[in-house]
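Here's the structure, in structure tokens; my notes come after.
On a predicted model such as this, the values are computed, not experimentally measured, just so you know.
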Amino acid sequence: MQTPSLLILGSGAAGCTAAIYAARAGLKPTLIRGNQPGGQLTITTDVENYPGFAQTIQGPWLMEQMEAQARHCGAEIVEDHIVKAELSPENPITRKSDNPIKLTGQSGQTYTAPSLIIATGATAKWLGLPGEKTFNGKGVSACATCDGAFYRGRDVCVVGGGNTAMEEALYLAGIAKSVTLIHRRDTFRGEKVLQERVKNHDKITTLWNHKVDEILGDPHPITGGVTGLKLSNTQTGQTQELKTHGLFVAIGHQPNTQLFTGQLDMDETGYLKTAPGTVFALHNGKSLPGIFAAGDVADPIYRQAVTAAGMGCMAALDANRYLESL
């Protein structure tokens, strides 16, 4: 394995883009793929909104191409899952010489470098129903802006009661025939302005005090898809079936930041904080030299492949400037 000047943790759109730019700059980056190589795009089927492709492409194929491009540019890509990160946040200056950033993999291998790009992404929270896997990409989604266009003029459902669920419902209302917002409680948790917009939208119906028990549909891998939901009332237990073409699960995302607890600043939901207008990671409110956060791991708002790729580019360029300064 080469001795890198830059480690990239994560192999989604942010990590691969960072590897491409870093390798072209001669930084000899090592990208560590992690437990879900390719990130969330590998569990997405049809992709229509990534720039440069007039026809629909497949998410796994797109990530294969990004990784192949990174390799072609000179990045080393290794298979490992990091279980420990030592960033020396209290004394970052020592990373210039005898105390570099140190990552320990599940394999027992250690990786050291003076600079690190964290691109570990975020994981969508799911309901835990078997049908979520069966119909993923065939009627079940966790991203309205990614997949909403496939349901133009059709009936869809959104599950959740916070800002994310209401934003997804409002977005889908501009595309779909109708939107049913399913919430297990009798009040929303989100912002008042969003609540008013949802309540006053003629395409959105809110089903209070209900939960999804089962996703119904045809499991055929090619022609199949979601046809409805089995619901139950959380107060009375009464069940019903609701016809729908799509289910959007909007109960939040979990950023993959557990490795950095106590070492890097995070918001209340665990997303890494960065210095305003940059991708520099923060420790105690101050930029941490040589450590950058890119993609969904630091982005609770947009969560798109193209924005993640853009942040990966920014991180690689900033890492190059930082390493040149050493």
Side-chain angles (χ1 to χ4, degrees), residues 39-41 43-50 59 121-129 131-133 135-212 215 217 225-229 231 242-255 267 269-271 295-296 299-308:
Q40 293 189 66
L41 272 180
I43 57 172
T44 302
T45 51
D46 294 344
V47 175
E48 287 188 331
N49 58 359
Y50 198 85
T123 304
K125 295 179 182 178
W126 297 96
L127 299 170
L129 301 174
E132 288 174 315
K133 291 184 178 179
F135 297 108
N136 193 292
K138 302 180 184 67
V140 173
S141 173
C143 179
T145 52
C146 304
D147 301 325
F150 298 115
Y151 301 89
R152 191 173 302 278
R154 311 184 85 182
D155 300 309
V156 299
C157 293
V158 176
V159 177
N163 281 350
T164 299
M166 290 188 288
E167 288 168 353
E168 298 275 271
L170 289 165
Y171 178 86
L172 289 166
I175 299 171
K177 178 182 178 183
S178 71
V179 179
T180 301
L181 184 51
I182 304 166
H183 186 31
R184 62 184 302 118
R185 298 181 177 83
D186 59 3
T187 56
F188 289 126
R189 302 187 308 275
E191 298 172 2
K192 293 295 183 182
V193 64
L194 290 176
Q195 293 185 35
E196 290 303 313
R197 289 175 185 170
V198 166
K199 291 176 182 177
N200 295 325
H201 203 295
D202 59 1
K203 281 191 177 182
I204 301 176
T205 301
T206 302
L207 200 56
W208 304 105
N209 299 314
H210 277 78
K211 64 184 182 72
V212 180
I215 302 170
V226 170
T227 59
L229 304 173
L231 309 175
L242 178 66
K243 290 183 178 180
T244 189
H245 297 107
L247 172 65
F248 289 83
V249 180
I251 57 176
H253 284 71
Q254 179 63 49
D267 69 11
T269 55
Y271 286 89
D296 287 10
D299 176 18
I301 299 174
Y302 301 104
R303 298 196 303 269
Q304 300 297 301
V306 68
T307 52

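Here OG of Ser141 is found 6.5 Å from OH of Tyr151. Values are rounded to the nearest 0.5 Å. Taking SG of Cys143 as the reference point, atom CD of Gln40 lies at 8.5 Å (rounded to 0.5 Å). With values rounded to the nearest 0.5 angstrom, Phe150 atom CZ is found 12.5 Å from Lys138 atom NZ. Here the OG1 atom belonging to Thr307 is positioned 10.5 Å from the CD1 atom belonging to Ile301, to the nearest 0.5 angstrom. The distance from atom CZ of Arg154 to atom OG of Ser178, rounded to the nearest 0.5 Å, is 11.5 Å. Note that the CG atom of Leu129 and the NZ atom of Lys211 stand 8.5 Å from one another [nearest 0.5 Å].
Smallest separation of non-hydrogen atoms from Gly190 and Gln195: O-NE2, 2.8 Å. The two residues Ala250 and Val158 make their nearest non-hydrogen contact at CB-CG1, 4.0 Å. Here the shortest heavy-atom pairing between Val140 and Gly131 reads CG2-O, 4.2 Å.
For the pairing with Cys157, the side-chain contact (heavy atoms from CB on, under 4.5 Å) check across Val226, Leu229, Thr205 returns one residue only, Leu229. When Leu207, Thr206, Val212 are each tested for a side-chain contact (heavy atoms from CB on, under 4.5 Å) with His210, only one passes: Leu207.
In this structure, the side chain of Asp296 does not engage the main chain of Asp299 through any donor-acceptor pair within 3.5 Å.
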Quiz: residues 159-177 side-chain donor-acceptor pairs under 3.5 angstrom, not counting sequence neighbours:
| unit_1 | atom_1 | unit_2 | atom_2 | d |
| --- | --- | --- | --- | --- |
| Asn163 | OD1 | Glu191 | N | 2.7 |
| Asn163 | ND2 | Glu191 | OE2 | 3.4 |
| Glu168 | OE1 | Ala144 | N | 2.9 |

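A parallel orientation is assigned to the rings of Phe188 and His183, their planes being inclined by less than 30° (bins at 30° and 60°).
In this structure, the side chains of Lys199 and Ile204 stay at 4.5 Å or more apart for every pair of heavy atoms. Side-chain contact between Thr145 and Gln304 is present, with at least one heavy-atom pair separated by less than 4.5 Å. Looking at Trp126 and Asn136, their side chains come closer than 4.5 Å, going by heavy atoms from C-beta outward. Considering only heavy atoms from C-beta on, Leu231 comes within 4.5 Å of Ile182 through its side chain. Proximity of Val249 to Glu132: side-chain heavy atoms (C-beta onward) are separated by under 4.5 Å at one or more points.
Evaluation of the side-chain hydrogen bond (donor to acceptor under 3.5 Å, both in side chains) rule for Thr244 yields no partner, not counting sequence neighbours. In this structure, Phe135 has no ring-ring contact (aromatic ring centres under 6.0 Å, His included) partners at least two apart in sequence or on a different chain.
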